[in-house]
Amino acid sequence: MKVHERIKQYIDSCGLKLNFVADKSGIKPKRFYRIINGDAPLNVDEYELICIGLNVNPGYFFDKKFLVSKNLRTDEKMVS
């Protein structure tokens, strides 16, 4: 899952409106919508602003729950 998809999933799960998050992040709504929909690249500065607006640690969207291998499910363990 791409970062913008993780952010959108989080916003949706919290029941937040995109305009609200854009405002809290200090990003113009049109630009914010383009980022969240994957129509524009997300740069590091914008990512940081979004995390601040959502009041989450910047590492949150790279947490284990978002990073699932194509070959392994999260509940499976690698066997050596």
Side-chain angles (χ1 to χ4, degrees):
M1 184 182 294
K2 295 181 180 181
V3 173
H4 73 273
E5 293 169 333
R6 297 175 200 162
I7 295 169
K8 184 166 182 3
Q9 179 183 17
Y10 178 82
I11 292 169
D12 292 343
S13 72
C14 291
L16 300 172
K17 302 283 186 188
L18 293 179
N19 276 339
F20 174 79
V21 179
D23 184 53
K24 294 293 270 183
S25 301
I27 299 173
K28 293 181 180 180
K30 185 175 180 179
R31 172 71 183 159
F32 187 79
Y33 279 94
R34 294 188 73 226
I35 291 167
I36 293 301
N37 291 323
D39 297 329
L42 172 62
N43 68 45
V44 174
D45 294 330
E46 292 167 327
Y47 176 75
E48 183 177 22
L49 289 172
I50 292 169
C51 290
I52 291 168
L54 291 171
N55 197 29
V56 297
N57 183 304
Y60 178 81
F61 296 106
F62 296 97
D63 240 0
K64 189 176 183 179
K65 70 179 178 178
F66 289 108
L67 302 176
V68 179
S69 170
K70 292 180 182 180
N71 299 324
L72 295 175
R73 293 186 350 200
T74 55
D75 59 337
E76 292 178 333
K77 296 181 181 180
M78 291 183 69
V79 179
S80 299

**Fill in**
Applying salt bridge (Lys or Arg N to Asp or Glu O under 4.0 Å) to R34 and not counting sequence neighbours gives none
**Asked** Please walk me through it: do V3 and R6 pass side-chain contact (heavy atoms from CB on, under 4.5 Å)?
**Response** CA-CA 5 Å; V3 173; R6 297 175 200 162; 4.0 Å; yes
**Request:** Show the numbers, then the answer: is there a side-chain contact (heavy atoms from CB on, under 4.5 Å) between L42 and I7?
**Result:** CA-CA 11 Å; L42 172 62; I7 295 169; 4.0 Å; yes
**Asked** So, do L54 and F61 sit near enough that their side-chain heavy atoms are less than 4.5 Å apart?
**Response** yes
Where is the tightest heavy-atom contact between [X] and [Y], given as atom of each residue plus distance?
{"X": "S25", "Y": "G53", "answer": "OG-CA, 3.9 Å"}
{"X": "H4", "Y": "I36", "answer": "CD2-O, 3.1 Å"}
{"X": "A40", "Y": "R31", "answer": "CB-NH1, 3.1 Å"}
{"X": "P58", "Y": "C51", "answer": "CA-SG, 3.7 Å"}

**Item:** Pairs meeting criterion ring-ring contact (aromatic ring centres under 6.0 Å, His included) with involvement of residues 21-54, two or more places apart
**Value:**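 Pairs touching residues 21-54 that pass the test: Y47-F62.
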**Message:** Using the rule given for side-chain contact (heavy atoms from CB on, under 4.5 Å), can you reason through E46 versus I27, listing the C-alpha separation, both sets of side-chain angles and the distance that settles it, and then say yes or no?
**Reply:** CA-CA 8 Å; E46 292 167 327; I27 299 173; 4.1 Å; yes
**Approximate separation, where rounding is to 0.5 Å, of I35 CD1 and L49 CG** =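 These two atoms lie 9.0 Å from each other.
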**Prompt:** Roughly how far apart are N19 CG and K24 NZ, rounded to 0.5 Å?
**Reply:**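 If I round to the nearest 0.5 Å, the distance is 14.0 Å.
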**Message:** If hydrophobic clusters are built by linking Ile, Leu, Val, Met, Phe, Trp and Tyr wherever their side-chain heavy atoms come under 4.5 Å apart, do L16 and L18 end up in the same one?
**Reply:** yes
**Asked** Would you find a donor on one side and an acceptor on the other, under 3.5 Å apart, between the side chain of N37 and the backbone of D39?
**Response**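 Side chain of N37 to backbone of D39: no pair is present.
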**Prompt:** Has N55 got more than 12 heavy atoms of other residues, nucleotides or ligands less than 6.0 Å from its CG?
**Reply:**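 Count not over threshold, so no.
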**Prompt:** What do you reckon, is CD of E48 surrounded by more than 12 foreign heavy atoms closer than 6.0 Å?
**Reply:** no
